[in-house]
**Student:** 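Submitted below is the structure of interest, expressed as structure tokens.
Every chain is numbered from 1, with letters handed out A, B, ... down the list of sequences.
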Amino acid sequence: MAACAGACDGCSAGDASHAIGDRRLDIARSVCMKCKEEAAVALANQTEPMCAQCLRSSILGKFKTVLNTHALVSAQDRILLGFSGGPSSRVALEFLAEIRSEALASRALNAPGFGLGVVFIDEGLAIGTSREERSRAVDVVEKIVSRLELPLVVRRLEEVFDDDNQEDCATQLKNLLDSVKDGTGKEDIVEILRMELLEQVAKKEGYTKLVLGLSTTRIAARVVSATAKGQGFALAAGVQYVDSRWHAPVVLPLRDCATKELALLCHFFHLETLFLRNFSTLVEPSASTINSLCSNFVFTLREDNSSRDHTIVRTAGKLTPFSFNHLAPSNGDSRSMRKRRGVKTELSNSGSNMEALCVLCRAPVDGRSQLEDDPRYCRSCTLQIVDDSKVCNLLPRHIQARRAGQAWMKSQIEEFLL
Amino acid sequence: MVRQCEHCGERRQALRRPKTGHKVCRECFFQLLEDEVHETITQNQLFKKGERVAMAASGGKDSTVLAHILSELNTRHDYGLDLFLLSIDEGISGYRDDSLETVKRNEVQYGIPLKVLSYKELYGWTMDEIVKEIGRKNNCTFCGVFRRQALDRGAALMKADKMATGHNADDMAETILLNLLRGDIARLSRCTAIMTGEEGALPRCKPFKYTYEKEIVMYAYFKKLDYFSTECIYSPNAYRGYARDFIKDLEAIRPRAIVDIIKSGEDFRISSTARMPVQGVCSRCGYISSQKLCKACVLLDGLNRGLPRLGISRTRGIKSTNGVADIDEKSAVAGAVGNGFSKKLSLEF
């Protein structure tokens, strides 16, 4: 907003900036609105000045509320946390460890004494980080996780190719990435491979749920970038609390927290985080990817209105979700029990209405609009990743082996079925 | 080494199409663009033979090129349409008065009759007066609401069957993004329609829905079309600016992204049972409205009563027709004009 020189009367844009300036002064002088004792150091929930301790309990409260309201985690679960080293997953790690140790200590009946493990994916080969930087990163992660006495699995992204020879895996990854011409497509295929590897780890090590530290801000950026890539149909799939498209369903307990407050939490409580480069680090805006453009866009919007990311996620949340955005019913977790505990998320009807999914990104495929080329891939993957058949042949073998499936065939003829 | 046009292979390359990246000659560019618009019109059945169509004209590039292409296609493909230009004078000095001169020139150049309607005569306020009253933050809301109604009234006065606006692909993408950012799920579900108001008396359509803004500029440039190219003086503060800047950056990375946003907007899974407004009529002026009073009447009321935020953020104090006893002269004029129109057109609104 243009700064108001003070000369124009009735200029409400100027009023707004004065108000923001006033608020900043307010925090410095004000007292935490929760405990009313300590000095306020940060804004929680975008508008509430709080001291560090109350900020922590506010975020922890939101974390627990989401876990309980949507029954994301049960005592029988073995949870795998996808740890990137960033502030969001660092907070998720801290809180999950705390909740778990409290439960074990109390030994209450329905306290979630769940199993907890951590996985770190080293994507250095794809990004082009040096060997030293990569091993330094792994050291930091090992230090953080060992202090919390939790099992840690470290995998390199190239291991998704499932070859015994490490050199071969590395070569295969390099070849695949080189064959994808589009910058955004490259970034997206790395993310797809990451999710594939996470699923593999969860399956192999026997984990039943996968927790990702996706914050409101990052989900908002995904909403915008999915829109920009023409993925409007599938958008609703990746923005809910639950995503059962994976062997171990993915749950997002930090969906209601903004990156900023999570970062502030890490700062005030000295929770060590890791900075990892991605494809857009130190790259000119015009040469960067759509994903980073959207991420910067959301941050710009937040400067004008710090609740904007929440509004975006809320809007996207109103889009009709898919059948896999619900958890399958599990033993000892009947519908009536869930109702009693006030659980909001619905259970899915087992197996019925299974949508056709892209074999690469697992986006639900719109039966009406399909490109003829290869029905196994969604429109977006076809245009930005697999635009050349050469790329198809360089994908990991287990992805190549996936069939289009009954679900896809049904989606093509659904409107004609009587 | 001079390269040949990728389309005809005969003439020299003159430009690279912003939408597709194809390097073509001028003539092929004109033909490709005109054919694409024709495709959009026929595939979506935007017009019927013999219809009287009002083309919303501001003097800017979109409406100038719309007037040009539509009259061209009307002849070339025998649409059989009765076209005329409709312009609205919002009373923004230094902007609108200049662009209206351009439309008057278009009237002569294309031989299409022109009708001009002003906010002053319809509502009793010019935009300059409104901005003086309410400031620069929400003035776009007033202008947009008033203009929409003004266009409908003008078109009804001229006995039009349909209205065509120059909204282009960039506009559509911005609107979709804007609705996403603002949490307006109801608007999000409606904004991608290429034709709206088909159930009513005056449907409006957007023949340029898939046409890139850059290509419209290119067309006008190469055809040496006469248009007014300045931005509204109040636009720098508009929220749409955020979306516009983002889309410009996006287009630089991937030109296809603009139609991809439109496609996303069309594909969003929005439950049809989500709260959709029921269409009724305004109790004061008879215009279509989902509430008791249409937005224009609410905003106008606020202006006249010195409550600039009425209808923007404040809802307390909106009075129905019976409650407005002590109206001043300005709104009396506006009300009279409004009622005058509604008397003639009450069946149409």
**Student:** Side chain, backbone, both or neither: which part of A:Asp182 has an atom under 4.5 Å from a heavy atom of chain B?
**Tutor:**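 It is the side chain, since no backbone atom gets that close.
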
**Student:** Report, by ascending residue number, the residues of residues 222-230 of chain A in heavy-atom contact with chain B at a distance under 4.5 Å; give 'none' if the set is empty.
**Tutor:**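 Expected list: A:Val223, A:Val224, A:Ala226, A:Thr227, A:Ala228, A:Lys229, A:Gly230.
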
**Student:** Picking from A:Arg314, A:Gln231, A:Arg308, which has the most non-hydrogen pairs under 4.5 angstrom with chain B?
**Tutor:**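 It is A:Arg308.
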
**Student:** Is A:Leu235 close to chain B through its backbone or its side chain, or both, or neither, when contacts mean heavy atoms under 4.5 Å?
**Tutor:**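 Just its side chain gets close to chain B.
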
**Student:** Between A:Thr216 and A:Asp309, do the side chains contain a donor N or O and an acceptor N or O under 3.5 Å apart?
**Tutor:**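 Side chains of A:Asp309 and A:Thr216: no pair found under 3.5 Å.
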
**Student:** Any ion pair linking B:Glu266 and B:Lys209 (charged N to carboxylate O, less than 4.0 Å)?
**Tutor:**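 Salt bridge present between B:Lys209 and B:Glu266.
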
**Student:** Measure distances from A:Ser380 to the heavy atoms of chain B and classify the residue's part below 4.5 Å as side chain, backbone, both or neither.
**Tutor:**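 It is neither, since no heavy atom gets under 4.5 Å.
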
**Student:** Determine the sole option in B:Leu181, B:Asp184, B:Ile185 for which the side-chain contact (heavy atoms from CB on, under 4.5 Å) test with A:Thr315 is passed.
**Tutor:**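 That would be B:Ile185; it is the only one of B:Leu181, B:Asp184, B:Ile185 passing the side-chain contact (heavy atoms from CB on, under 4.5 Å) with A:Thr315.
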
**Student:** Determine whether the side chains of B:Arg240 and B:Thr175 contain a donor N or O and an acceptor N or O closer than 3.5 Å.
**Tutor:**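 Result is yes, a qualifying pair exists.
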
**Student:** Between B:Arg244 and B:Glu213, does any side-chain N to carboxylate O distance fall below 4.0 Å?
**Tutor:**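 Not counted as a salt bridge, because no side-chain N and carboxylate O are separated by less than 4.0 Å.
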
**Student:** Does A:Phe322 have B:Arg269 sitting over its ring (NZ/CZ under 6.0 Å from centre, angle to axis within 45°)?
**Tutor:**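 Yes, B:Arg269 sits over the ring of A:Phe322.
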
**Student:** Using heavy-atom distances under 4.5 Å, tell me whether B:Arg256 contacts chain A through its side chain, its backbone, both, or neither.
**Tutor:**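 The side chain, not the backbone.
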
**Student:** Is B:Lys19 atom NZ crowded by more than 12 heavy atoms from other residues, nucleotides or ligands, each under 6.0 Å away?
**Tutor:**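 Result for NZ/B:Lys19: enclosed.
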
**Student:** Considering residues, nucleotides and ligands other than A:Leu417, do more than 12 of their heavy atoms fall under 6.0 Å from its CG?
**Tutor:**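 Counting neighbours around CG of A:Leu417, more than 12 heavy atoms of other residues, nucleotides or ligands fall under 6.0 Å, so yes.
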
**Student:** Can you name the residues that form a side-chain contact (heavy atoms from CB on, under 4.5 Å) with A:Asp178, not counting sequence neighbours?
**Tutor:**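 Testing A:Asp178 for side-chain contact (heavy atoms from CB on, under 4.5 Å), a comparison that skips the adjacent residues, returns none.
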
**Student:** Most heavy-atom pairs under 4.5 angstrom with chain B, which of A:Thr184, A:Leu301, A:Asn305?
**Tutor:**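 Option with the top pair count is A:Leu301.
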
**Student:** Of the listed residues (B:Asp245, B:Ile258, B:Leu180), which shares the most heavy-atom pairs with chain A below a 4.5 Å separation?
**Tutor:**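 Of the candidates given, the most pairs with chain A belong to B:Leu180.
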
